[in-house]
Structures are given as C-alpha cells and as structure tokens.
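First comes the structure, then the notes that go with it.
Computed from a prediction, not measured in an experiment: that's the story for all the values here.
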Amino acid sequence: MASSPKNAEFGNSPSQEAPFRSTSLSVPQLKRGDVELLKREALHQGFFRLEGLELRHRLFEGGWSEPMRREVHSRFDAVGVLLYDPARDLMVLIEQFRAGAIDDAVSPWKLELVAGLVEDGESLEDVARREAWEEAGCKVAELTKLHTYYPSPGACNEQVTLFCGLVDCQGLGGIHGLDEEHEDIRVHVMPFANAWELLTQGRLDNAMCLIGLHWLNSQRASLRAASQRAMTQSETNEE
C-alpha cells in the first residue's frame, strides 16, 4: 500500500500556503469560565443521556445574560473513516437504516462513511480500524487524521474525529455488521467520480460524507501520485 504524502501535501486551502498570521480569533474571547452553570439534571438516561441545564453566560458587550434553560443530548464521541484505494481510485460507502431519518422523504436508509463510537480504553485510531473491519470487512493500511468537529453543538456534546484510511478494495463488498448491535450494513465500492456524483445529487446528505469527500476531492491527486510512486519503487526493488 502506498505511503501517505508528507503533511506539506495536505494543505486544505490556498490560504494555508502563506505564513500563518495570528488574528483576534486565534484565541477565544470567552471561555468556559464565562459560563455559570446554575443547575444540571438528567431528563432521560438510556443508551444516550438527555440533560437539562440552567445557566447564564457573559455577553460580548459586557455583563451577564439572563438565566436560561437549555437541553443537551449527551453522546459518546465518535470516529469516522473515509476508506479510499488510491491505486484504483475507489472508495467505500456503507448503507444502513438510520432511526433519526425515519421520516426522511426519500429513505431512512443512508449512504455513509464507516463510523463508530469510542469505547473506554480505545484510541481514536483503534476505533477507526475496528469499525472498518466490523462494518466493511476492510483492513486499513494507513490513517490520516482530517478533522475533529462538533456535528451539532447547539444541542449535542458529541465530537467526531474523521480519518482517511488507505485500503486495498479488492474483494470488498457484501453485508456486514454485528448481530448484537442489530447492524445490517451493505458495503458499496465505487469509483470516486461516482461517489462525487452522488454527493452533487444530494444522496450523500450527512456531514461526515460531505466533509470527507470535499477533503478527498482536494487531496486525491496527491494520494494517487504517492501510490504510483510507491508501486514503481516496489517494482524497481523486485528487479
């Protein structure tokens, strides 16, 4: 499998080519100490937790807000993996039923990237490799961390860390998932161009897919070039 390009090849935008210049936004003006938590209560405790918070916070123009109530969905952090075969320009998408999309006008079965929740004692990389195997029967050769982000910070404390995992797609496909987690996951292997077309058609309608594919669209040439160099070097060594 090809080696990853050096970090210098992973710039996310033209602006990053210029020297970094600190701005007033580099350090937050307001931090956790500028929030006064008046009350926290559990409204529901199941697989996930729903909390009711009473709080007030400092205002940008000075002083404090009035006390307010907010409800927060407390979730486990998660890891997503964009599985990409640079030698063949193929990527892996999975399809499964999603309860949160049960009222979706098109379908509650969604096309997604491999993903899973972080369990105690696991590193983020361990989760990425475990989920790639459980959900797609896929062994990941190399991982590159892309972003850590809040999918919905207005109401949820979950953070998602997204990786790109380089893989060999030969032989991948079929139905996967863990019976004890009621998973019924169909694996799709397709050229990047097909996946990008699905994105432009609105079929890839979740944040992880959108972030991952836009990143891959900008880095795909570098990944493929590195893969080609590695294969050429391997052939040279064999001679």
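Counting only N and O atoms by type, the side chains of E183 and Q96 include no donor and acceptor under 3.5 Å apart.
Here the shortest heavy-atom pairing between W196 and L213 reads CZ3-O, 3.5 Å. The two atoms that bring A195 and L204 nearest to each other are O-CD1, 3.6 Å, heavy atoms only. When all heavy atoms are compared, the tightest approach of S65 to M68 is OG-CE, 3.5 Å. The two residues I185 and G177 come nearest to each other via the heavy atoms CD1-CA, 4.1 Å. Shortest non-hydrogen contact noted between R220 and Y84 is CG-OH, 3.4 Å.
Under a 4.0 Å N-O distance rule, the pair D104/R98 does not qualify as a salt bridge. Of the charged side-chain nitrogens involved, at least one lies within less than 4.0 Å of a carboxylate oxygen, so that R88 and D168 count as a salt-bridged pair.
Legend: side-chain hydrogen bond (donor to acceptor under 3.5 Å, both in side chains) pairs involving residues 45-62, not counting sequence neighbours, sorted by first then second residue: D34-R58, E36-R56, R40-E51, Q45-R49, R49-E51.
C164 contributes atom SG, which lies 8.0 Å from atom CG of L83 (distance to the nearest 0.5 angstrom). A distance of 6.5 Å separates CG of N206 from CG of L113, quoted to the nearest 0.5 Å. Atom CG of L199 and atom CG of L216 lie 11.0 Å apart (nearest 0.5 Å). Expressed to the nearest 0.5 Å, how far CG of D77 lies from CG of L117 amounts to 9.0 Å.
Legend: residues meeting salt bridge (charged side-chain N to carboxylate O under 4.0 Å, His left out) with E197, ordered by chain and number and at least two apart, are absent.
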Would R129 and E122 count as a salt bridge (Lys or Arg N to Asp or Glu O under 4.0 Å) here? Give the steps. CA-CA 11 Å; R129 295 183 186 279; E122 282 189 305; over 6 Å; no

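Residues E112 and E95 fail the side-chain proximity criterion, which asks for heavy atoms closer than 4.5 Å.
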Under 3.5 Å, which donor-acceptor pairs do the side chains of residues 149-159 form with other protein atoms, sequence neighbours left out?
| from | atom 1 | to | atom 2 | distance (Å) |
| --- | --- | --- | --- | --- |
| N157 | OD1 | R75 | N | 2.9 |
| N157 | ND2 | S74 | OG | 3.2 |
| E158 | OE1 | R75 | NE | 3.3 |

